[in-house]
Amino acid sequence: MTLTIPFRPSAPGPTAPDPTAPGSTAPSPATLARGEVRLDGVTKVFGRGASATTVLADVDLRVAPGEFLAVVGPSGCGKSTMLSLVAGLDRPTSGTVGTGGKTAFMFQDATLLPWLTAAQNVALALRLRGVPRGERGDLTRSLLERVRLGSHADRRPHELSGGMRQRVALARVLAQDAPVVLMDEPLGALDAMTRDRMHDEIERVWAEAGLTVLFVTHNVREAVRLGDRVVLMGSSPGRIVTSRPIELPRPRRLDSAGVAELAAELTAELREEGARRGG
Amino acid sequence: MGDDATATGGTADLAVVDPVAVDPAGTARRSVGTPLRSVWRATWPKLLAITLFITAWQLVVLTGWRPPYALPGPPTVARELWDLVLVDPKFWPALVTTLRRAAVGFLFAATVGTVLGIAVARSRVLRAGVGSLITGLQTMPSITWFPLAILLFGISETAITFVVVLGAAPSIANGILSGIDHVPPAFTRLGAVLGAGGWRLYRYVVLPAALPSYVAGLNQGWAFAWRSLMAGELLVIVASRPSVGSRLSFSQEFGNAPQLIAYMLVILVVGMLADTAFTASARRMRSRRGLASD
Ligand SMILES: Nc1ncnc2c1ncn2[C@@H]1O[C@H](COP(=O)(O)OP(=O)(O)OP(=O)(O)O)[C@@H](O)[C@H]1O
Ligand SMILES: [Mg+2]
């Protein structure tokens with residue numbers, strides 16, 4: 001049931017579109033494997049008439065199950081918009097978006113609910129997923145241990161550091177038990193050292209759980225450090241410029257020569273792209 | 001920072017030495033301090049204010065501006081208050097009647113206000129139709145409802161409750177409404193991502209997020225309820241059922257100034273106690289959410 005549902009909103013929330021509504025959803029081109037993500041000819045236009053802006057233009061993207069895809073691009077090129085479409089929080093104006101299974105989302109600022117403790121934040125995801133009450137306690141504990149926060153379960157978000165908050169958010173993502181995880185600049189607000197640790201944390205969790213990850217970042221090095229593949233996006237309108245597999249062996253280090261070299265190459269490419277656009 | 005375990009690939013070992021994780025539960029513990037000290041810190045300005053007030057009152061009495069039967073001094077009123085609380089057989093029944101009316105009216109108003117607030121928040125039609133009416137009602141002096149209430153319900157408990165509810169419900173409805181309207185969009189998005197829609201979004205995300213504003217609305221609603229009730233008890237005197245308001249009214253009719261002032265002090269104290277309770281719960285909630293600033 002979680003398999004191969006084209007253009008599947010991750011959540012039937014109020015902002016989630018009705019997948020049966022007429023409009024953008026063309027018949028699914030093929031069934032998707034669990035963890036696969038596929039965008040075909042996706043265009044997103046905000047506004048109407050004179051004020052209409054095309055934020056994404058004809059984006060085709062395929063992400064294999066278990067792949068770690070890093071997405072880099074200038075501010076405003078539509079990265080967040082693309083993740084929202086994949087999450088089913090918004091609908092494309094045309095084209096199709098499909099994911100094999102549910103999606104989980106990790107936000108830039110962790111977005112923990114301040115009236116709940118770390119454990120309760122994680123447990124809420126379990127509860128909304130339908131995990132019975134009796135199993136939630138143990139599961140929450142083991143999830144927090146997986147992100148090494150076992151001893152902080154009863155702290156409230158404001159009593160945690162920025163890095164700890166993001167680890168709780170990571171545990172919550174795991175609690176959603178979705179094969180596809182979308183991360184929108186989840187480490188943007190962290191200092192370099194905490195960031196470095198979070199890279200390890202995310203990489204470990206990704207490998208253990210066999211997740212498909214779409215990781216949006218401004219930081220090209222971070223993208224190279226983490227991704228199996230890096231997708232470069234350009235702006236006005238937002239589209240995919242290049243897609244580059246990263247063949248450096250894991251584990252990688254942010255400050256290793258290989259990562260730096262590839263990052264420099266990709267940065268040059270991004271800059272060239274910006275210049276071509278007259279930006 | 002650069003030369004630790006990562007170089008050899010020990011990715012899993014790194015977070016163990018996270019310096020932040022070692023940090024003990026500092027912030028929350030520090031602000032508590034010794035309880036006695038913080039009680040004193042909160043109390044002494046109040047004691048000072050009360051002392052100043054009583055002194056000023058006594059000074060006015062000493063000037064002979066009004067004869068003592070109209071404006072008694074603090075010692076006379078204190079003695080009267082003492083008698084009232086310990087001797088007067090009518091005091092406690094009157095206070096109980098008044099507090100019961102306040103509680104019933106307030107609970108009623110809380111129910112009506114909460115349901116109304118949520119309904120208006122959820123329905124575009126209701127919002128357009130009733131939204132501004134609620135604010136309008138809130139600005140209306142509740143005493144103006146009494147003539148109608150007496151026409152509708154006679155001189156009765158119901159008339160009083162009716163006005164108390166009308167006085168308090170709009171504030172409560174507005175409190176929860178503005179709480180719901182100001183839920184950070186990030187939380188609603190999170191709810192959607194976690195698969196909470198419709199009622200479950202309200203239950204787990206929207207209503208808890210709106211709680212501080214709701215409590216502020218309840219606090220304001222209580223103040224309006226208490227005011228409306230006092231107005232009502234002065235106007236609607238239900239026979240053979242003494243209340244704080246009716247005792248106040250009789251004190252005036254019988255020219256018993258010390259008793260009149262003593263009852264006013266009782267009214268003031270009840271209002272302040274309730275406000276203290278609301279303020280304390282609001283502060284507790286804010287600090288649990290990491291919002292406390294003072
Ligand atoms: N709801 C909306 N209505 C109108 N325009 C929007 C809306 N959401 C986004 N946009 C526009 O779409 C463009 C892309 O926004 P988006 O947030 O996807 O960019 P981004 O690549 O994530 O940028 P950043 O790196 O700064 O986060 C921006 O120009 C933005 O102004
Ligand atoms: Mg963005």
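Just so it is clear, the model here is predicted, and its values are computed rather than measured. All chains are named by letter (A, B, ...) in the order of the sequence lines, taking the proteins before the strands, and each is independently numbered beginning at 1.
Salt bridge annotation for A:Glu208-A:Arg204: present, with a cationic side-chain nitrogen under 4.0 angstrom from a carboxylate oxygen. A salt bridge does not link A:Asp191 with A:Arg197: none of the charged nitrogens is closer than 4.0 Å to a carboxylate oxygen. Contact check on A:Arg252 versus A:Glu203 returns no salt bridge, with no Lys/Arg side-chain nitrogen under 4.0 Å from an Asp/Glu carboxylate oxygen. Look at B:Arg127 and B:Asp181 and you find a salt bridge, because one of the NZ, NE, NH1 or NH2 atoms lies within 4.0 Å of a carboxylate O, short of that distance.
Taking the ring centre of B:Tyr202 as origin, the terminal cationic atom of B:Arg122 falls inside the region bounded by 6.0 Å and 45° from the ring axis.
Using cut-offs of 30° and 60° for the angle between ring planes, the B:Phe278 and B:Trp222 rings count as tilted.
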CA sep, side-chain torsions, deciding dist, call: A:Asp200, A:Arg225, salt bridge (Lys or Arg N to Asp or Glu O under 4.0 Å): CA-CA 10 Å; A:Asp200 300 336; A:Arg225 155 75 182 83; 2.8 Å; yes
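Contacts between A:Phe107 and chain B at a heavy-atom distance below 4.5 Å involve the side chain alone, from C-beta outward. With a 4.5 angstrom heavy-atom cutoff, B:Arg288 touches chain A via backbone and side-chain atoms both. When heavy atoms are compared at a cutoff of 4.5 Å, A:Leu254 does not approach chain B at all.
At a heavy-atom cut-off of under 4.5 Å, chain A is reached by B:Arg203, B:Tyr204, B:Val205, B:Pro208, B:Ala209 from residues 203-211 of chain B, listed in order of number.
Contact count against chain B (heavy-atom pairs under 4.5 Å) is highest for A:Arg156 among A:Arg129, A:Arg250, A:Arg156. When each of A:Leu128, A:Leu182, A:Asp109, A:Leu149 is scored by its heavy-atom pairs under 4.5 Å with chain B, the top score falls to A:Leu128.
Residues that satisfy the salt bridge (Lys or Arg N to Asp or Glu O under 4.0 Å) test with A:Lys44, not counting sequence neighbours, are A:Asp90.
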